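Below is one structure, written out as structure tokens; comments come after it.
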There are 2 protein chains.
Amino acid sequence: MWEDLVQTLQETTGLPVSRRDVERALGALKATEDLWENIRLSRVPLRVLVELWRVLQEKGLLRVEEGLALTEAGRALAQEAPLPGEAFCPACEGRGVLGARLPGRARERFLAWTQRRPPAIQDYDQGYVTPESTLARVALAWAWGDLEAKEILVLGDDDLTGLAAALTGLPKRVVVLDADPRIVRFLEEAARAEGLPLEAHVHDLREPLPETWVHAFHTFFTDPVEGPLGLQAFVGRGLLALKGEGCAGYVGLTHVEASLAKWAQFQRFLLENQAVITELRDGFHLYENWDYIPSMRAWPWLPVKRLPEKPWYTSALIRLELLGTPSLPNEPIQGDLQDEEATTY
Amino acid sequence: MWEDLVQTLQETTGLPVSRRDVERALGALKATEDLWENIRLSRVPLRVLVELWRVLQEKGLLRVEEGLALTEAGRALAQEAPLPGEAFCPACEGRGVLGARLPGRARERFLAWTQRRPPAIQDYDQGYVTPESTLARVALAWAWGDLEAKEILVLGDDDLTGLAAALTGLPKRVVVLDADPRIVRFLEEAARAEGLPLEAHVHDLREPLPETWVHAFHTFFTDPVEGPLGLQAFVGRGLLALKGEGCAGYVGLTHVEASLAKWAQFQRFLLENQAVITELRDGFHLYENWDYIPSMRAWPWLPVKRLPEKPWYTSALIRLELLGTPSLPNEPIQGDLQDEEATTY
């Protein structure tokens, strides 16, 4: 039915219209009857929106009087469309994002679980963001409609993004892949205790993605190892795991490990693979300091050998959205990803 | 001297290093002696930073003991490097940006001037963002070191970005181009009254950029008309006005007038022209409602004819940074930019 709408809109407007545009517009109609609020929340060109409203009205799905009210049939049509989350920071006119606004007491429950998380270890190049950063990342996904009723994949999850997402009660299903059995066991325990639709699997992302996870998800999250191979392993697999057009990915990227030349290379990779960048928020994530700082690769280079006293390692959050289905390989990746990260900037 | 450093670093590290990397790292050294804070504030790969510190120490420009202290000669070298601004919202761990943190009582003085601004009129497709949005935009530029000691160009300025930037006292020079003589006169009056290094000129961006403004600026701001020609006229001219590598541009982009397919097209245009995206914050700007809503092009399409009661029109803020000098035409642009915006999504 959404597909019919998409086709009608493409024909009557002659403009690019996606299933996701329809989904967003229906989600906004569930949230408010105010026309202007609908424009703000839909993130769809006005020209497309007005045509959608016209068609919905014609079909008896929308009642147009003082505002825009979905009829009972309209509500049924919109059932799968996520309500747009509003997790925006009131102190800065919504330019920031706050995990505290997530539904389901997700923040409180998440913070309790993080007290017992496995410590970051060097074997897996771990180092996790602050719990508030994880929650803010999930809150941004909520705001974009990437959580509710969605199937979500997390590729590498020492940040516990999968747990925070599942605790909101919004996703249909969350799958976490991680090379570290400690993380997998911890997530399995939390999922059991909280009764969450969250599963975790030990998986090395250098291996091909098992067929069952290819084109199976709406949303992925990953913090790639930042060499070219690492981006391929983490983000390439993430893109491959998406069902197609309108699906979204969240990727962390640093300055510490990546020059702006590498950022540009990564952005070209995204655009070549039918992904558009819809958010890039530098400094979005703060990292907790990790225990193995004195044995990390960079330690011998540092001119002052003092441990940090507050967070210093940050990363940007990128949200991409697919405009089509990219054609990506699903081959094994040879080589040491961390070695490569440390030598290519 | 910075050029020598860049060359040395490129040779000793074999990595991509720009003059702007050196500038950012020196700016951070002016702000703090703490090594970890330097990493956070520099936004330069660690591998490059440690090499820079080593070279500075070797040349007697940096004293390395408990922390990293610029010597007197080091301070002289770093004189032109902007201090990184810290305008981040404390309520959301710095994920948002607040104009209230700008120096020079810029916010208070700016808000006073906005009381007397010319109203938005349809002749120039005007419609301006809230004063707090303008201030936040300027605050983000401050945080990225794009204001202090910089020459700044604003292409179209009903948002009064040029005035807000100049009021911080940081830029060396601010030039505003606008087609509307009312805006130009208003800015000239404010510049005189406040003694600001701000000049404004009546200029139609469809015309070629006068030679005196080509490759003359470090930073530009623009809110383009969002058709392909508009992007060329506003952003193409902005890129052309930049001196080259390490210079930055700030661009507003909406969903109301532009599909994600158009966003992708614009991102490809940037990458093809040696610009990397370093920020893309959706919903960054809120627009004030304008008086001519009932006569705007979209009004007849709207199924409910009620005026909006709060801000509904938003736009994303994109920051780009040049990795080289793009080769762009400086030709006159034929056609009606607003007509084109209304017909291409």
Side-chain angles (χ1 to χ4, degrees), chain A residues 15-16 35-37 39-40 43-48 50 53-54 57 64 66-68 88-89 91-98 130 132-133 136 255-261 263-264 267-268 271 276-284 286 298 301-304 306 308 312-314 321 323 345, chain B residues 15-16 35-37 39-40 43-48 50 53-54 57 64 66-68 88-89 91-98 130 132-133 136 255-261 263-264 267-268 271 276-284 286 298 301-304 306 308 312-314 321 323 345:
Chain A
L15 300 175
L35 176 139
W36 305 98
E37 279 286 277
I39 299 174
R40 183 177 71 82
R43 311 204 224 213
V44 169
L46 182 54
R47 189 66 177 273
V48 173
V50 292
W53 297 334
R54 195 190 60 71
Q57 186 179 11
V64 178
E66 291 294 280
L68 308 172
F88 299 111
C89 175
C92 53
E93 271 193 339
R95 281 176 287 272
V97 179
L98 280 174
T130 62
E132 298 295 351
S133 297
H255 295 293
V256 174
E257 324 273 4
S259 65
L260 290 180
W263 281 40
Q267 292 172 9
R268 275 189 293 267
L271 288 161
V276 59
I277 300 167
T278 70
E279 297 273 5
L280 195 171
R281 296 178 178 234
D282 198 34
F284 191 90
L286 291 178
W301 311 338
L302 299 181
V304 179
R306 278 176 61 172
W312 59 278
Y313 192 99
T314 70
E321 182 170 322
L323 300 175
Y345 285 85
Chain B
L15 301 174
L35 176 140
W36 305 98
E37 279 286 278
I39 299 174
R40 183 177 71 83
R43 313 204 221 211
V44 170
L46 182 55
R47 189 68 177 271
V48 173
V50 292
W53 297 335
R54 194 190 61 71
Q57 188 181 11
V64 178
E66 291 294 279
L68 308 171
F88 299 112
C89 174
C92 54
E93 272 193 336
R95 280 176 287 272
V97 179
L98 281 174
T130 63
E132 297 296 350
S133 296
H255 295 292
V256 175
E257 323 273 5
S259 66
L260 290 181
W263 281 39
Q267 292 173 8
R268 274 191 293 268
L271 288 160
V276 60
I277 300 166
T278 70
E279 299 273 4
L280 195 171
R281 297 178 178 235
D282 198 34
F284 191 91
L286 291 178
W301 313 336
L302 298 182
V304 179
R306 278 176 61 173
W312 60 278
Y313 192 98
T314 69
E321 182 169 323
L323 300 174
Y345 284 84

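In what follows, chains carry the letters A, B, and so on, assigned in the order in which the sequence lines appear, proteins first and then strands, with residues in each chain numbered from 1. Since this is a predicted model, take the numbers as computed values, not measurements. Heavy atoms only: backbone and side chains are in, while hydrogens, waters and symmetry mates are out.
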Requested in this report: Count the heavy-atom pairs under 4.5 Å between each of Glu132(A), Glu257(A), Glu321(A) and chain B, then report the option with the highest count.
Outcome: Glu132(A)
Query raised in the report: If you take all heavy atoms of Leu46(A) and Ala298(B), which pair is closest and at what distance?
Result: CD2-CB, 3.5 Å
Query raised in the report: Is it true that a side-chain atom of Glu279(B) and a backbone atom of Asp282(A) form a donor plus acceptor pair closer than 3.5 Å?
Result: yes
Query raised in the report: Donor-acceptor pair, Trp36(B) side chain versus Arg306(A) backbone, under 3.5 Å?
Result: yes
Query raised in the report: Is Cys92(A) close to Val97(B) at the side-chain level, that is, under 4.5 Å between some pair of heavy atoms?
Result: no
Query raised in the report: Is any side-chain heavy atom of Trp301(A) less than 4.5 Å from a side-chain heavy atom of Arg54(B)?
Result: no
Query raised in the report: So, do Leu35(B) and Leu302(A) sit near enough that their side-chain heavy atoms are less than 4.5 Å apart?
Result: yes
Query - Non-hydrogen atoms of Gln267(B) and Ile277(A) that approach each other most closely - result: NE2-O, 2.7 Å
Report task. Taking all heavy atoms of Val304(A) and all of Gly67(B), pick out the closest pair and write down the distance. Result -> CG2-O, 3.9 Å
Query raised in the report: Among Thr314(A), Leu98(A), Leu260(A), which has the most heavy-atom pairs under 4.5 Å with chain B?
Result: Leu260(A)
Query - Among the listed options Pro45(A), Ala136(A), Pro16(A), the residue most often paired with chain B at heavy-atom distances under 4.5 Å - result: Pro45(A)
Query raised in the report: Considering the options Arg95(B), Arg281(B), Glu93(B), which one meets the side-chain contact (heavy atoms from CB on, under 4.5 Å) requirement together with Phe284(A)?
Result: Arg95(B)
Query - Within-4.5 Å side-chain heavy-atom neighbours: Leu68(A) and Pro303(B) - result: yes
Query raised in the report: Of all of Leu271(A), Val64(A), Val50(A), Val48(A), which one pairs up most often with chain B through heavy atoms under 4.5 Å apart?
Result: Leu271(A)
